[in-house]
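Notes for the one structure printed next.
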Amino acid sequence: MSQSKKLLAAFAGAKNAHGTTTVGRIGRNGKADSKSKIIREPLTEALVQAHIDGKQGVGAIPINEENKCRWGALDIDIYDLDHNELQQRIQKLKLPLLHCRSKSGGAHLYLFLKEYEQAKVVREYLLEMAVALGHSGCEIFPKQDIILAERGDVGNFINLPYFNADLPQTYCFNSKIESMEIEDFTKSTHKNTIPIS
């Protein structure tokens, strides 16, 4: 199975929409200047491959039309974040999170689940972990407990890691705080799935 197919499978969520992000220059505060938008079309293997190839960044929406998800994330938007300290805290607390560097130098902490769970339950679980890590104010994905799919609602997306995977700025850390190759990340998304109910 290709890496694009594995990445797409790991981030399965909304079937009718995805996000795109085009990154511009990096500002003085370290924040990447970027334009993000929702595209009301499915996230496909071809789009994920273009992301891996560094052509167009894409994001996935965790909440599906049944208000369930199989993954979620904490978005810690601190540009001078001490990744070493954060990873040590994750390990000390034995939290089932995969720690990725975001495009602006913050962290996206991903949770992968064995089964689809209610988005509300996943959000509560992630909030508990955010509090334990001392980042209770961070963004939680999915951002919604419920969307009204019949009204055309879709959830919010978070950018996938490994844009331009040969020289990625967004990558996952292993337990030694070393950057993982995309192959190791996709294996970890499968190996680290957990039940929460």
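Sequential numbering from 1 along the given sequence is applied to the chain's residues.
Ring geometry, Phe112 versus Phe185: the interplanar angle exceeds 60°, so the pair is classed perpendicular (tilted spans 30 to 60°).
Distance CD1/Ile76 to OG/Ser104: 14.0 Å, rounded to 0.5 Å.
Remark: Glu45 CD is packed, more than 12 non-hydrogen atoms of other residues, nucleotides or ligands lying under 6.0 Å away. When the shell of 6.0 Å around CD of Glu181 is examined, it contains 12 or fewer heavy atoms from other residues, nucleotides or ligands. Heavy atoms from other residues, nucleotides or ligands lying under 6.0 Å from CD of Gln56 number more than 12.
The backbone N or O of Gly13 sits nowhere less than 3.5 Å from a side-chain atom of Arg70 that would complete a donor-acceptor pair. Proximity of a side-chain donor or acceptor of His51 to a complementary backbone N or O of Phe163 within less than 3.5 Å is detected. Between the Asn67 side chain and the Ile147 main chain, a donor and an acceptor come within less than 3.5 Å of each other. No donor-acceptor pair closer than 3.5 Å links the side chain of His108 to the backbone N or O of Pro161.
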Task: Audit row: Phe157, His18, side chain to side chain contact (heavy atoms under 4.5 Å, CB included) steps and yes/no - done: CA-CA 7 Å; Phe157 75 90; His18 68 281; over 6 Å; no

Task: Derivation and outcome, side chain to side chain contact (heavy atoms under 4.5 Å, CB included), residues Ser36 and Thr21 - done: CA-CA 4 Å; Ser36 297; Thr21 298; 3.0 Å; yes

- [ ] Could you check Ile158 against Trp71 for side chain to side chain contact (heavy atoms under 4.5 Å, CB included), going step by step and ending with a plain yes or no?
- [x] CA-CA 11 Å; Ile158 188 167; Trp71 63 276; 3.6 Å; yes

TODO: Check step by step if side chain to side chain contact (heavy atoms under 4.5 Å, CB included) holds for Asn156 and Gln144.
DONE: CA-CA 8 Å; Asn156 294 71; Gln144 300 84 5; 2.4 Å; yes

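Leu133 and Leu109 make their closest contact through CD1-CD1, 3.7 Å (heavy atoms, listed as atom of the first residue, atom of the second, distance). Minimum interatomic distance between Gln3 and Glu183 (heavy atoms only, all atoms of both residues): NE2-CG, 3.4 Å.
Legend: residues meeting side-chain hydrogen bond (donor to acceptor under 3.5 Å, both in side chains) with Asn64, ordered by chain and number and at least two apart, are absent. Partners of His83 under the side-chain hydrogen bond (donor to acceptor under 3.5 Å, both in side chains) rule, at least two apart in sequence or in another chain, are His99.
With hydrogens and angles left out, the side-chain atoms of Ser2 and Ser4 include a donor and acceptor closer than 3.5 Å.
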